[in-house]
Amino acid sequence: DGVPAAFDAGAPRSQAGEFAALASPVLAEFLLRPAAARLGIRLIPAAEVEVSRLGNRFNLVQQLKWVRAISDAGIETVYLKGFANAHTLYPEPELRTVGDLDLLIRRHDLDRLIAHLAGQGFRFRVSQVNRWGSISDASFMPFVSADGSCNLDIHVEPDCYPAHRSLNAAALFNGASEVEADGFRFRVPCPEHVLVLCVTNAAKDKFGIFSVRKVIDALVLLRAGGALDWDAIAALARDGGYLKPLRVFLCLLQSLGLSGAGIPAPLLRHPGGLAGPEFGRVIAEFNGMFPYIPPLFATLRRELLLCTEPGVGVHNFGLRLRGLFRPGTGLPAGVSPRTGLPHSPHARREF
């Protein structure tokens, strides 16, 4: 319809700036290009976009260096989340901000990977993330390079309980495919597994501010138009015990503008009962660019109403209760909580 003559560019630029603070300037500029073209204005300052792009490129180069080093050690891996999605969902990898380098290995390779990288200066970051400590049974605290330029998030399962009840390490390895970057090939999950991990990670983040990048990745994946096996996705969610968060996630995407075409109608059934108002709060937070951080009680309420099936909520509560008395360190067995390094090269580790 065109832009009104009295159009004030300040409002959309302000909103775009808030979005850039959540997603990164370079990714926000990429996603908002159609809106910017329609309005005939630049929404994100060019200098901010370029600084963001260069920062992302630096992180990717550092991470690819260690991807090669791990491959040289003969350790089989599948790369997950940000690093994998940057190289598969976007036309340029540096559009996607990448934090930790998430990699999945088989459990029997854990000792070898830690020893190999500890010998090159890596050590685990030792910190208590909350009052009950770590409750993850899929990954550990970040394993950080000597210069701090690369944080590895080592997974022995694709994601923590209940995700690995259905999408476990063996299933993800079996479904993985290879991609190439800078003449080097590495493995990434198949599209169905990418979507499932977006769901389980967003639910773990309580569909809050830290879930934004998972939501963006899923929107980019689904808008690309490739056919997904929705029966397989629904079966993984049903068998794993996260069908409710899958529905919530897809309804959230639809509320943010996804057409929903091709997604089975039962997966787009909006939350009802007590979960309905809570879902409304999620939508309001996304539309308002997360103006505040919910208190602990509100976060736990959301977990029970939207993010977990009842049995999973009870399971997580039990882990937290135990952690109040004996907080989990998030370190592999055999790694010193004082130094973040293995006690000895022959220390036995289990998880």
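What's counted below: heavy atoms across the whole structure, side chains too, no hydrogens, waters or symmetry copies.
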So, for [X] and [Y], which heavy atoms are closest and what is the spacing to 0.1 Å?
X: Ser145; Y: Trp66; value: CB-NE1, 4.3 Å
X: Glu309; Y: Pro245; value: OE2-CD, 4.5 Å
X: Gly313; Y: Leu304; value: CA-CD2, 4.1 Å
X: Val194; Y: Pro189; value: CG2-O, 3.8 Å
X: Leu305; Y: Ala275; value: O-CB, 3.7 Å
X: Thr329; Y: Ser134; value: C-CB, 4.3 Å

To the nearest 0.5 Å, what is the distance between [atom1] on [X] and [atom2] on [Y]?
X: Glu157; Y: Leu167; atom1: CD; atom2: CG; value: 9.0 Å
X: Leu152; Y: Ile70; atom1: CG; atom2: CD1; value: 5.0 Å
X: Phe286; Y: Leu253; atom1: CZ; atom2: CG; value: 8.5 Å
X: Lys204; Y: Asp159; atom1: NZ; atom2: CG; value: 3.5 Å
X: Phe143; Y: Cys150; atom1: CZ; atom2: SG; value: 11.0 Å
X: Leu27; Y: Ile216; atom1: CG; atom2: CD1; value: 5.0 Å

Please determine whether a side-chain nitrogen of the Lys or Arg among Arg112 and Asp109 lies less than 4.0 Å from a carboxylate oxygen of the Asp or Glu. yes

Using a strict 4.0 Å threshold on nitrogen-to-oxygen distance, state whether Lys81 and Asp100 make a salt bridge. no

Verify, without hydrogens or angle tests, whether [X] (side chain) and [Y] (backbone) share a donor-acceptor contact under 3.5 angstrom.
X: Ser71; Y: Val67; result: no
X: Asp137; Y: Tyr161; result: yes
X: Ser166; Y: Leu236; result: yes
X: Glu192; Y: Leu228; result: no
X: Asp205; Y: Gly208; result: no
X: Arg13; Y: Arg42; result: yes
X: Thr88; Y: Ala84; result: yes
X: Arg247; Y: Pro271; result: no
X: Glu94; Y: Phe58; result: no

Taking a hydrophobic cluster as the set of Ile, Leu, Val, Met, Phe, Trp and Tyr residues connected by side-chain heavy atoms closer than 4.5 Å, whether directly or through intermediates, do Tyr292 and Phe290 fall within one such cluster? no

Would you say Leu252 ends up clustered with Phe19 if hydrophobic residues are merged whenever their side chains have heavy atoms under 4.5 Å apart, either directly or through other cluster members? yes

Does atom [atom1] ([X]) have a neighbourhood of more than 12 heavy atoms from anything else shown, all under 6.0 Å?
X: Leu268; atom1: CG; result: yes
X: Phe184; atom1: CZ; result: yes
X: Arg326; atom1: CZ; result: no
X: Arg165; atom1: CZ; result: yes
X: Asp182; atom1: CG; result: no

Minimum side-chain heavy-atom gap [X]-[Y] below 4.5 Å:
X: Thr77; Y: Leu113; value: no
X: Val156; Y: Ser139; value: no
X: Leu195; Y: Trp230; value: yes
X: Leu324; Y: Leu321; value: yes
X: Leu89; Y: Arg96; value: no
X: His116; Y: Phe122; value: no
X: Ile105; Y: Leu110; value: yes
X: Leu256; Y: Ile283; value: no

Partners meeting salt bridge (Lys or Arg N to Asp or Glu O under 4.0 Å) with [X] (sequence neighbours left out):
X: Arg320; value: Glu303
X: Arg301; value: Glu278
X: Arg68; value: none

Pairs satisfying salt bridge (Lys or Arg N to Asp or Glu O under 4.0 Å), at least one member in residues 282-291, at least two apart: Glu285-Arg302

Not counting sequence neighbours, list each pair that qualifies as a salt bridge (Lys or Arg N to Asp or Glu O under 4.0 Å) and has a residue in residues 223-240. none

Working note: Asp217 + Lys214, criterion side-chain contact (heavy atoms from CB on, under 4.5 Å); need CA distance, chi angles, decisive distance, verdict. CA-CA 5 Å; Asp217 285 347; Lys214 292 86 170 178; 5.7 Å; no

Report the C-alpha separation of Gln63 and Val98 in whole Å, then their side-chain angles, then the decisive distance to 0.1 Å, and conclude whether the side-chain contact (heavy atoms from CB on, under 4.5 Å) test is met. CA-CA 9 Å; Gln63 292 180 348; Val98 178; 3.0 Å; yes

Parallel, tilted or perpendicular: rings of Phe124 and Phe140 (30°, 60°): perpendicular

So His270 and Phe279, would you call those rings parallel, tilted or perpendicular, with 30° and 60° as cut-offs? perpendicular

Not counting sequence neighbours, which residues clear side chain to side chain contact (heavy atoms under 4.5 Å, CB included) with Val49? List them please. Val26, Glu29, Ile44

Please determine, by modelled atom types, if Asn85 and Tyr79 share a side-chain donor-acceptor pair under 3.5 angstrom. no

Ring centroid separation for Phe186 and His87, is it under 6.0 angstrom? yes

Any chance you could lay out the side-chain contact (heavy atoms from CB on, under 4.5 Å) test for Val188 and Glu178, step after step, and finish with the verdict? CA-CA 6 Å; Val188 298; Glu178 284 193 343; over 6 Å; no

Test Val335 against Met141 for side-chain contact (heavy atoms from CB on, under 4.5 Å), laying out the working first. CA-CA 11 Å; Val335 170; Met141 298 296 288; over 6 Å; no

